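Presented below is the structure to which this report refers.
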Protein chains: 2
Amino acid sequence: MTMAQKSSESGGEFRSRTSETHMRIRDDVISGKLKPGAKLKIEHLSREIGVGATPVREALSSLVSDGLVVREDQRGFRVAGISSQEFDELLYVRSCVEERALRLSIERGGPNWEEGIVLAKYRLRAIAPSDRYDPQWERHHRQFHLALNAGSGSGTLLRLCSQFFDENSRYRHLSRCGGGRAPRDLSDEHDGIAEAALARNADLAVERLMTHYNRTGKLLRQAIMEVEQGAQ
Amino acid sequence: MTMAQKSSESGGEFRSRTSETHMRIRDDVISGKLKPGAKLKIEHLSREIGVGATPVREALSSLVSDGLVVREDQRGFRVAGISSQEFDELLYVRSCVEERALRLSIERGGPNWEEGIVLAKYRLRAIAPSDRYDPQWERHHRQFHLALNAGSGSGTLLRLCSQFFDENSRYRHLSRCGGGRAPRDLSDEHDGIAEAALARNADLAVERLMTHYNRTGKLLRQAIMEVEQGAQ
DNA sequence: CTGTCAATAAAAATCGATATTCTTTCTTTT
DNA sequence: AAAAGAAAGAATATCGATTTTTATTGACAG
C-alpha cells in the first residue's frame, strides 16, 4: 500500500520523503512559486506535498542553513527575503568560491571529471531553451555548473557552490518575473567554459566563468532593483 | 509540569527544544566530544538530551547544511570527516568572506556595531584563558568575531561567517586533542583587530585579521596532518 | 569452507495526536 | 472611544507509536 504510494510519487526516484520534500520546497522557492517573505505553514505544505509534518520540518530546517528560508523560533518559517545588496554579496562570495573550485578541478580532475562535464554539457544543449521556467533545464544547468567543480575533491567547496547556485537561481527567476526580459542564449558561454576547462587552461576557464557570472549578474542586479522599486 | 521542565533545563535560555538541541549537538561536534565519522543515532541523542526525535532530527538536518554533519539517506547521520585538504579550502573561503564582511562593516557600521565590538572584546578578555575546552570562552570568542562583521548588514555574509567559524573551531579543538600544543595568547591579536576596525582603518584591520587567521591556520594545518598520520 | 538466502534485530523515517505558544477578536473598564 | 485584558482560534513545536529500511545472524546448499 505504502510502497505503491511511494513509487507512484513523481517517478519514485527519491530515497526518502524528506529528500523529496526538501527538493520540492527548494524548487518552489527558487522558481519563485513561493515568494520572498511568504509564510511557510507546516500543515499546508504537509497537505500539499502529501507527507507528514516531520519531513516538512526537516526540509525547512535544512533550507534555513541553505539561506533560502528564515526561521523565527516559535513563529515558524518563511521564505527568505531578497535585496540587491544581498545579491551583490552572493555574487562576490560565489565568484571567490567558484574560482577556487574550478582551479582545483582543472589541477586535480581525472577522467571521471572530464566525462562529467562532457555529459552535462551535452544534456544541457539537448534541451530547447524556453522563456518559461523549465525544471528540466534547471536541473541540467545546475548539474553542468556542479560538474565543472566536481574535480576539486572538496566537499566543502562543492556544498557551497551548490548552495550559491541555488540562491543565484532564485534571483534569476525572480528578476525574470518582474522584468520579463528575454534571457540571452547561454549555450555558447557554457561551451566556452567547458572547453577551456577540459583543455586545462585554468586562467582562460576562470576568466570565461567570471565573465559569465558578471554579465548575468549585471543584468540581474538591474532587474532586482526594478522589482525592489515596484515593491515599494 | 512541562513548563517547569523547560525552565529547569540548563538555565532555560532557549526558545525551543530544537534550538537547544541544535546548539548542544553543534557544540559537541565542535568540541570533539563527538568525533569525526562517529555515528549519530537518533534514539541515543534523543535520550541523552532528553527530547523527542523530532528536534534531534531537525537539528541534524540543519547541521548537514552547516557542514558539520553528513547524511546518508536511509542510513542516518554521522559526524562529518576532517582532512587537511578540507581545512585548506575552509581557510581560503573563510578569508574571502571575512575580508569582505569586515570591509563592509568598517564602511557601513554604525554606533551599534562599534558598541558590539567593544562589549565583545571586553567579555572575551574577562575570561581567564584555559588549556581545556571552555564553553564560555568559545561563546565569547565566537561572539567577538561575529561582532566584527555584524556591521556589514548582510545576512548572507553573517551566516557564512558563522558557519565557517564553527567549522574552524572544530579543527582547532580536534588538533589540540591530538597535538596538545599550548595555544598562544590571542588576546592581543584580537585587540589589535578591534582597534583597527574601530579606527575605521580597513586595510590595517583586514591585514591583522588575515595574519590572525593565517598564523592560526598554519599551526592547525600542521596539527591536523599529525592527527591524520596518527589515524592511519 | 564459502556464498546465498531467510529470519531477526536494530535503526531510520514517518505519522497522528497532544501540548504550547502566538494571534486575533471580543469584552470590559476607565 | 481607547486601552487593557480575557477567551477563542490558529499555528508551531513536540512526543510516542508505527511503518520501512537496513544491518546482522545463522542455517543451508554448493
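All figures in this text were calculated on a predicted structure; none of them were measured in a lab.
- Annotation: salt bridge (charged side-chain N to carboxylate O under 4.0 Å, His left out) contacts of A:Glu115 (sequence neighbours excluded): none.
- One finds a side-chain N or O of A:Arg17 lying less than 4.0 angstrom from the OP1 or OP2 phosphate oxygen of C:dC15.
- For B:Gln74 and D:dT19, the CD to C1' distance is 12 Å, given to the nearest whole Å.
- Atom CG of B:Asp73 and atom P of D:dT22 are 10 Å apart (whole Å).
- Remark: B:His141 pairs with B:Trp137, B:His145, B:Phe165, B:His190 by the ring-ring contact (aromatic ring centres under 6.0 Å, His included) rule, at least two apart or across chains.
- For A:Arg125, the salt bridge (charged side-chain N to carboxylate O under 4.0 Å, His left out) partners at least two apart in sequence or on another chain are A:Asp188, A:Asp191.
- Interatomic distance, B:Arg94 CZ to B:Glu99 CD, rounded to the nearest 0.5 Å: 13.5 Å.
- Here C:dC22 presents its P atom at 15 Å from CZ of A:Phe77, a figure rounded to the nearest Å.
- Contacts between residues 34-44 of chain A and DNA chain D, defined by a heavy-atom separation below 4.0 Å, involve A:Lys39, A:Leu40, A:Lys41, A:Ile42, listed by number.
- For A:Ile49 and C:dT14, the CD1 to C1' distance is 14 Å, given to the nearest whole Å.
- Under 4.0 Å is where a charged nitrogen must lie from a carboxylate oxygen, and between B:Glu58 and A:Arg71 at least one such pair does.
- Listed nucleotides: D:dT14, C:dC22, C:dT14. Nearest to the side chain of A:Ser16: C:dT14.
- A search for side chain to side chain contact (heavy atoms under 4.5 Å, CB included) contacts involving A:Glu114 returns A:Leu198, A:Arg200, not counting sequence neighbours.
- The side chain of A:Val51 has C:dC15 as its nearest neighbour among D:dT22, C:dC22, C:dC15.
- Taking atom CD of A:Glu72 as the reference point, atom C1' of C:dT23 lies 14 Å away to the nearest angstrom.
- If you take CZ of B:Arg71 and P of C:dA11, they are 17 Å apart, rounded to a whole angstrom.
- Put simply, CD on A:Glu58 is 17 Å from P on D:dT12, counting in whole angstrom units.
- The pair B:Arg47-B:Glu43 meets the salt-bridge criterion, with a side-chain N (NZ, NE, NH1 or NH2) lying under 4.0 Å from an Asp/Glu carboxylate O.
- Close to D:dA11, at under 4.0 Å from its OP1 or OP2, lies no side-chain N or O of A:Arg78.
- A distance of 8.0 Å separates CG in A:Asp88 from CD1 in A:Ile224, rounded to the nearest 0.5 Å.
- Tested against A:Arg159, the residues B:Glu89, B:Glu86, B:Glu167 include a single salt bridge (Lys or Arg N to Asp or Glu O under 4.0 Å) partner, B:Glu167.
- Both A:Ala53 and B:Gly76 lie close to DNA chain C; mapped to their nearest nucleotides by heavy-atom distance, the more 5′-ward contact belongs to B:Gly76.
- For A:Thr18, a side-chain nitrogen or oxygen approaches OP1 or OP2 of C:dT14 to under 4.0 Å.
- Under the 4.0 Å criterion applied to side-chain N and carboxylate O atoms, A:Lys33 and A:Asp27 are not assigned as salt-bridge partners.
- In DNA chain D, stems built from 3 or more consecutive Watson-Crick or G-U wobble pairs, each with both distances under 3.5 Å, span C:1-30 with D:1-30.
- Checking the phosphate oxygens (OP1, OP2) of D:dA13, a side-chain nitrogen or oxygen of A:Arg57 falls inside 4.0 Å.
- Comparing A:Arg75 and A:Thr54 against DNA chain C, the residue whose closest nucleotide sits nearer the 5' end is A:Thr54.
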